[in-house]
Amino acid sequence: MAQKTKSKAQLEKEKKENLTRIKEANRILQQTKKQKEASIGQLNAIQEKITVQKGVISNISKEINYIESDVKETEGIVGALQNDLNKLKAEYATMVYAAAKTANSYNKLMFLFAADNFNQFVMRLRYLQQYSEARKKQVEQISKVQAVLSGQ
């Protein structure tokens, strides 16, 4: 009977040990499950972050393309303005050269008094005034184009 009791006590002890092991295994399983869920959550968060960063990169790329096209457009405008400025300067130089030929007051007076009648005299006087105004406008236009070019 002692062997049976010993055997029964040993069985009880083994049963308790097994129950303890089962509890420990369940605890480890729960812990592993929590870690797995946390890892899956982290993975989802990382994937979302990657998606958002791809969107940001795409937006930055679009902005760069927009800025590059804007720079090209501005370069084209600057080139056109530079051409206009060169043409205006050439026209003004021609105008100044022609004016220099008849620049002195004596020539202007001769031009005016060489008129056949008073109406022609008035017309010539208006012509000289308009020519002078045209030269002033040409200088203003050159200044404006240069200011726009400086701004660009």
Side-chain angles (χ1 to χ4, degrees), residues 13-152:
K13 183 181 175 188
E14 286 177 15
K15 179 182 171 187
K16 283 182 182 179
E17 286 175 3
N18 286 337
L19 286 175
T20 304
R21 279 201 229 147
I22 289 173
K23 284 181 183 178
E24 182 64 21
N26 283 337
R27 187 187 63 77
I28 291 172
L29 279 173
Q30 280 297 106
Q31 193 176 28
T32 305
K33 184 178 178 183
K34 287 178 185 175
Q35 288 174 349
K36 177 183 167 190
E37 288 171 0
S39 296
I40 289 173
Q42 287 175 343
L43 179 63
N44 289 337
I46 290 171
Q47 286 175 336
E48 180 65 23
K49 187 176 177 182
I50 289 171
T51 302
V52 170
Q53 285 180 340
K54 283 181 181 178
V56 169
I57 290 170
S58 175
N59 285 343
I60 290 171
S61 178
K62 288 176 185 175
E63 282 182 45
I64 289 171
N65 290 338
Y66 176 77
I67 290 170
E68 285 175 349
S69 68
D70 197 34
V71 166
K72 286 179 184 177
E73 183 179 327
T74 303
E75 286 174 348
I77 291 171
V78 167
L81 287 172
Q82 192 68 44
N83 287 339
D84 289 348
L85 182 63
N86 291 338
K87 288 178 185 176
L88 288 172
K89 284 182 178 181
E91 288 174 10
Y92 185 71
T94 304
M95 194 183 290
V96 168
Y97 178 74
K101 285 184 176 179
T102 59
N104 62 28
S105 302
Y106 181 73
N107 284 344
K108 289 181 183 177
L109 286 175
M110 291 281 293
F111 176 71
L112 289 173
F113 288 123
D116 292 334
N117 57 39
F118 184 73
N119 285 337
Q120 193 178 26
F121 177 83
V122 172
M123 292 297 285
R124 287 182 179 199
L125 183 61
R126 283 186 186 159
Y127 168 75
L128 288 175
Q129 289 171 342
Q130 288 174 349
Y131 190 73
S132 178
E133 283 296 314
R135 284 180 30 202
K136 287 178 186 176
K137 286 181 181 179
Q138 191 86 13
V139 169
E140 289 174 9
Q141 196 173 10
I142 288 172
S143 297
K144 286 179 184 177
V145 170
Q146 282 180 327
V148 170
L149 250 173
S150 296
Q152 291 291 336

Practice problem: Start with the C-alpha distance between N117 and F121, add both sets of side-chain angles, then the distance that settles side chain to side chain contact (heavy atoms under 4.5 Å, CB included), and finish with yes or no. | Solution: CA-CA 6 Å; N117 57 39; F121 177 83; over 6 Å; no

Self-check item: Side-chain donor or acceptor of S150 paired with backbone N/O of Q146 under 3.5 Å
Solution: yes

Self-check item: Inter-residue atom distance I77.CD1 - D84.CG, 0.5 Å rounding
Solution: 11.5 Å

Quiz item: Nearest heavy-atom pair of V148 and L81: which atoms, and what distance?
Solution: CG1-CD1, 3.3 Å

Practice problem: For the pair K23 and N26, evaluate side chain to side chain contact (heavy atoms under 4.5 Å, CB included) and give the outcome as yes or no after the intermediate values. | Solution: CA-CA 5 Å; K23 284 181 183 178; N26 283 337; 5.7 Å; no

Quiz item: For the atom pair NZ (K89) and CD (Q141), what is the distance rounded to the nearest 0.5 Å?
Solution: 13.0 Å

Quiz item: When rounded to the nearest 0.5 angstrom, what is the spacing between CD1 in I67 and OG1 in T74?
Solution: 11.0 Å

Exercise. Determine, step by step, whether K54 and K49 satisfy the side chain to side chain contact (heavy atoms under 4.5 Å, CB included) criterion, reporting the C-alpha distance in whole Å, the side-chain angles of both residues, the deciding distance to 0.1 Å, and the verdict.
Key: CA-CA 9 Å; K54 283 181 181 178; K49 187 176 177 182; over 6 Å; no

Practice problem: Give a yes or no on whether a salt bridge exists between E24 and R27, defined as a side-chain N under 4.0 angstrom from a carboxylate O. | Solution: yes

Quiz prompt | Spatial distance of atom NZ (K36) from atom CG (L43) [nearest 0.5 Å] | solution = 12.0 Å

Quiz item: What distance do Y66 atom OH and E73 atom CD have between them, rounded to the nearest 0.5 Å?
Solution: 8.0 Å

Quiz item: Mind checking whether K16 and L19 have side chains closer than 4.5 Å, heavy atoms only?
Solution: no

Quiz item: Just how far is it from atom CZ of R135 to atom CD of E140, taken to the nearest 0.5 Å?
Solution: 13.0 Å

